[in-house]
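Values below: every heavy atom of this structure, side chains too, minus hydrogens, waters and symmetry copies. Predicted model, so just to flag it, every value in this text is computed and none were measured. Atoms within a ligand are numbered from 1 in the order they appear, just like the ligands themselves.
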Amino acid sequence: MAKLHKWSAGFVVISLLFAITASGKELTIQDDAVRFSLNHHIEYFLDKDLPLDQILQREQWHKKHNDSVLNLGFTGQSVWLRTSLTIPEPLTRQWYLVIPYPLLEEVDLYILRDKQQPAIYHTSRQETENQRERAHSYQVALPLPRDLNGQVELFLRARSATSLQVPLELWREDHLLNRFSLESLYWGAYFGVLFALVVYNLFLFLSIRDSAYGYYVLYIGSISLLMLCISGVGSAWIWGGQPLLTRYALPISTALVSLFALMFARSFLKWQEISSRWDRSMKIAAVLAGLLIVYTWASPIHGALFAGLLGTLVIVLLISVGLAGLRAGVTIARYFVLAWTTFALGTALYLLNVFNFIPVNVVTNHAMQVGSAAEVLLLSFALAHRIKDERARKLAALRRQQLAERQVRDLEMQSLEQAMHDSTTRMPNASLLNQQLQTMMSQNKQVALTLVHYPQIKDIASSMGHRLAEEMFCQLMNKLNHTLAGQDGVICLESRQLAYIAIPEFGSAAFLIDVKQLEGPLEPLINQMVGNHDISVHSVRLPVFMNLHCGVAVAPEHGDSAEILYQHASAAQDRSESSKVPVQVYNDEISDFARRRLNLVTALPPAIEAGELELYLQPQMNSTGQELVGAEILLRWHSPRFGPVPAGEVIEIAENAGLMDLLSRYIVTQAWKTMQTLQERQLNITCSINLSVQNLTNSHFVSFALAGIREHGIPMNRVIFEVTETSMMHNMDAVIGSLLQIANSGCMIALDDFGTGYSSLAYLSRLPIHELKIDRCFISQMASNENDLRIVQNTLKLARTLNLEAVAEGVEDNSTRELLTQLGCHRLQGYLFARPMPLEKFCDWATAQTTN
Ligand code: C2E
Ligand code: CA
Ligand code: CA
């Protein structure tokens, strides 16, 4: 503080040095002029409160060297000014001595004629303001006596609580009133803008309840107060006659401006969320502002000085915060920075003027008003922008929420879709079909449930890969669906994708028929619907004929609940599989069959245990059919309870009931004993043993079988293991492993039922097989059917190419035998030579054969 005093004092000294040469020229005042500036006609000195007569005695007055405003900076002292006027004719109009600086607290004017005491006139600010009814003036305007003339000297004493500036002007009354009304207009506009903004933002605050608007209203309120002080409007209109009030109001309003500006900034930029460091700085500045308010009560003059410093600090801080916010990506901060920079410029100009660093003029005196008006407008833009932003944010949040809701809905739909659909084909699954079935049954409709199974699909999946199998299955299902779509009575399960079929599992399909809508008997119609689905696979480019087993059950005849209907349709499907009839409608016989199956399953293990199962031998002849070269070992079960059970059925039951390992171990053990017997009887022929796929995927079994051969002292090359083509399709790696194990042991491998599967040449050549066994279905008709004959011819050619033995099974007549002999088939097997027979009988047969 003391430093600042010294500072301004230093400035004054420098000004003095300049002033020495300048002399106070006398001014001539005439009525026809309107306004004079007295700034370069004055002499002055700073003093405490000396009485007028001592002032008159004083010799040393400082002279002002130019017409700049006398500005003494912050000082608590009074300044005395004197100037001389020459008034040639008595003034007829009212003239005023005007000091366009509202912050002077005390002003006394004495008019003397030639320094002669007593003064002919005395007035003061206090006095004129007490007669304020005439005109409100923002500045000090002291009336001069009407009849003043001749040579007069004016002595003026002025005192300020803040910066001591004494601009001196003479105004003719009419002109001064003009100026006052202009100023009123100007201030009216200025405070009008502020008032409108207060109302607008107060309204926003009340409706949005966002503290930023509240602080902004308080901020505008306090800046209005500050401006009331600085402009003199406050003392002119509000606290007229109380010039001391300005002394307190000025620093307090500055502190309040700082405080609310900081609070506004914090809540507007949501600064505390971005950087705690800046936030802390703002809090400290806010505390300083609070302290300043308290301090001002104790020392308003120092308070005003500190208010100036605090204001500067806060403006710098706010601009920095705005810039930091801008860097942190808060776009709205750009208004903020602009607003505070505008305000800072205005305030800087004003403060530089107040602290006497730049000359006083209209611009510097009003810079702060202009700056603050621009600032509050810019901040209002910012707040409006914020509303826009907020709305956009809310809208975005709403959109996000809607999106999330949609996603949840989609997900629900998707899971519903998944719950009701097959993942591979996207067709409905069993539960959708079941719903439809139950609805139809509850409406007492006659509905046929049809189950179709494609056994090859799963084989293809395990041999050629799932992708291919899936592709084939989808193709197949699309074809079936397409076929069903054109049929009367077939129920559409899902109208959205016109789905007529459901997929209960991979490789199977199911559909419903409203029987009443059919014209004609059910079975042939279904036969026509499901049959004839050749499909061609792109990657293999092979048309594949799809085998199928189809079971049908009709409600209400075959069951009055969906569950029973399913059970019966699948029993019919099983029957279709075992009887090789593609479409099987459920009947009572089928339920007998199913029951028998169940009984057989329970009867099989004890039957094995009891040795009820036997091995029969069927001879294999050389290519002319004259010489016995081998035998196929075939299983026989003559059950005391069920009668003879076909080998195929026993195998199927064992496979389905998980009894295959048990059964096969029994079979091979018996087979080795059989071979041993043959050897003992000097029948050195090969024996072919059938293996099921389950034997080939079980490496323990293969090892067990091979060990048995060695134990029984049977030459390995006399054993031929027969494996079917289709069994190769399951778990190919394991199957090939077993085949290699067999081939490496020295045993032979025959590919059974050749021609019924879909072996490709390329892959046949890679398997360690020795023999192709042409299926009975080709052999039995080859003598009469061209097609079959060609297939047999080609198979034999293939066997020759691959250097494999060819065996024909099912040779039942001589013409077939002759044909095969001609074609060079290596071995022949069939009823023509002998049916399968028990060991003893076989040995007898063989002996008879050699003796013939
Ligand atoms: P497969 O391996 O194709 O056996 C040949 C089948 O054709 C035998 O039926 C046999 O009796 C029959 N057969 C032979 N020559 C003729 C003929 O000239 N005309 C006709 N119509 N049929 C003839 P079987 O014994 O009923 O066996 C059926 C299937 O059961 C066998 O077909 C085989 O796949 C399986 N099988 C039989 N025994 C065993 C076995 O011990 N283990 C395994 N895993 N499967 C066996
Ligand atoms: Ca066989
Ligand atoms: Ca066969």
(request) Please confirm whether the backbone N or O of A603 pairs with a side-chain atom of N599, one donor and one acceptor, at under 3.5 Å? (result) no
(message) Under 3.5 Å, is there a donor on one side chain and an acceptor on the other for Q741 and S699?
(response) no
(message) When you measure from the heavy atoms of R835 to every atom of ligand 1, does any distance fall below 4.0 Å?
(response) no
(message) Starting from atom 19 (N) of ligand 1, what is the nearest protein heavy atom, named by residue and atom, and what distance separates them?
(response) E812 OE2, 2.4 Å
(message) Out of all atoms in ligand 1, which are within 4.0 Å of some heavy atom of G830? Include the element for each.
(response) 15 (N), 18 (O)
(request) For atom 42 (N) of ligand 1, grab the closest protein heavy atom and report residue, atom and distance to one decimal in Å. (result) N690 O, 3.3 Å
(message) Please check whether L635 reaches ligand 1 - meaning an N/O of the residue sits under 3.5 Å from an N/O of the ligand, judged on distance alone.
(response) yes
(message) Quick test: of every protein heavy atom, which one is nearest to atom 18 (O) of ligand 1, and how far off is it to 0.1 Å?
(response) Y831 N, 2.8 Å
(message) Check contact between G648 and ligand 1, using heavy atoms of the residue and a distance below 4.0 angstrom.
(response) yes
(request) Give the atom name of whichever N/O/S atom in D752 sits closest to the Ca ion (ligand 3). (result) OD1
(message) Under a 3.5 Å cutoff, is there a donor and acceptor pairing between the side chains of Q829 and Q620?
(response) yes
(message) Can you tell me which portion of D753 lies within the under-4.0 Å heavy-atom range of ligand 1? Options are side chain, backbone, both, or neither.
(response) side chain
(message) At less than 3.0 Å, would any N/O/S atom of D753, backbone or side chain, sit next to the Ca ion (ligand 3)?
(response) yes
(message) So does V811 get a backbone contact from the side chain of T816, meaning a donor-acceptor N/O pair under 3.5 Å?
(response) no
(message) Please determine whether a side-chain nitrogen of the Lys or Arg among E589 and R596 lies less than 4.0 Å from a carboxylate oxygen of the Asp or Glu.
(response) no
(request) Look at atom 38 (N) of ligand 1 and say whether a protein heavy atom is found at less than 4.0 angstrom from it. (result) yes
(message) I'd like to know whether N814 forms a side chain to side chain donor-acceptor pair (under 3.5 Å) with R817, so could you lay out the CA-CA distance, the side-chain angles of the two residues, the decisive distance to 0.1 Å, and finally the verdict.
(response) CA-CA 5 Å; N814 258 315; R817 182 195 57 93; 2.9 Å; yes
(request) Classify the contact between D775 and ligand 1 as side chain, backbone, both or neither, using a heavy-atom distance cut-off of under 4.0 Å. (result) neither
(message) Looking at H453 and S508, would you say the former's side chain and the latter's main chain have a donor-acceptor pair under 3.5 Å?
(response) no
(request) Look only at the side chain of D752 and the backbone of E722, and say whether a donor-acceptor pair between them is shorter than 3.5 Å. (result) no
(request) For atom 15 (N) of ligand 1, state which one of Q829, Q618, Q694, E809 supplies the nearest heavy atom. (result) Q618
(message) For a distance under 3.0 Å, tell me if E722 has an N/O/S atom near the Ca ion (ligand 2).
(response) yes
(request) Please report which non-hydrogen protein atom sits nearest to atom 12 (C) of ligand 1, along with the residue it belongs to and the distance in Å to one decimal place. (result) R776 NH1, 3.2 Å
(message) Show the atoms of ligand 1 that are less than 4.0 angstrom away from any heavy atom in G810.
(response) 16 (C), 17 (C), 18 (O)
(request) Output yes when R595 and D592 qualify as a salt bridge under the 4.0 Å nitrogen-oxygen rule, no when they do not. (result) yes
(message) Check R790 with E786, please: is the shortest side-chain N to carboxylate O separation under 4.0 Å?
(response) yes
(message) Under 4.0 Å between a side-chain nitrogen and a carboxylate oxygen: does that hold for E632 and R827?
(response) no
(message) Suppose we only allow N, O or S atoms; which atom of E809 ends up nearest to the Ca ion (ligand 3)?
(response) OE2
(request) Evaluate the 4.0 Å heavy atom contact test for atom 21 (N) of ligand 1: does a protein atom fall under the cut-off? (result) yes
(message) Any N/O/S atom from E632 (main chain or side chain) under 3.0 Å of the Ca ion (ligand 2)?
(response) yes
(request) Measure from atom 10 (C) of ligand 1 to every heavy atom in I667, N695, T724, L634 and give the option owning the shortest one. (result) L634
(message) Can you confirm whether L663 sits close enough to L635 that some side-chain heavy atom of one is under 4.5 Å from a side-chain heavy atom of the other?
(response) yes
(message) Could you tell me if R835 sits above the aromatic ring of Y831, with its cationic atom closer than 6.0 Å to the ring centre and no more than 45 degrees from the axis?
(response) yes
(message) Strictly inside 4.0 angstrom of atom 32 (O) of ligand 1, do you find any protein heavy atom?
(response) no
(message) Counting non-hydrogen protein atoms only, what is the nearest one to atom 27 (O) of ligand 1? Give residue, atom name and distance.
(response) A647 CB, 3.7 Å
(request) Identify whether the distance between the nearest side-chain nitrogen and carboxylate oxygen of R597 and E652 falls below 4.0 Å. (result) yes
(message) Is the shortest side-chain heavy-atom distance between L451 and Y566 below 4.5 Å?
(response) yes
(message) Just to be sure I read this right, does ligand 1 sit under 4.0 Å from the backbone of I651, its side chain, both, or neither, counting only heavy atoms?
(response) side chain
(message) Would you say the Ca ion (ligand 2) has N690 as a near neighbour, meaning an N/O/S atom of that residue under 3.0 Å away?
(response) yes
(request) Find all atoms of ligand 1 within a distance of less than 4.0 Å from any non-hydrogen atom belonging to S692, and give their numbers and elements. (result) 44 (N)
(message) When you measure from the heavy atoms of K773 to every atom of ligand 1, does any distance fall below 4.0 Å?
(response) no
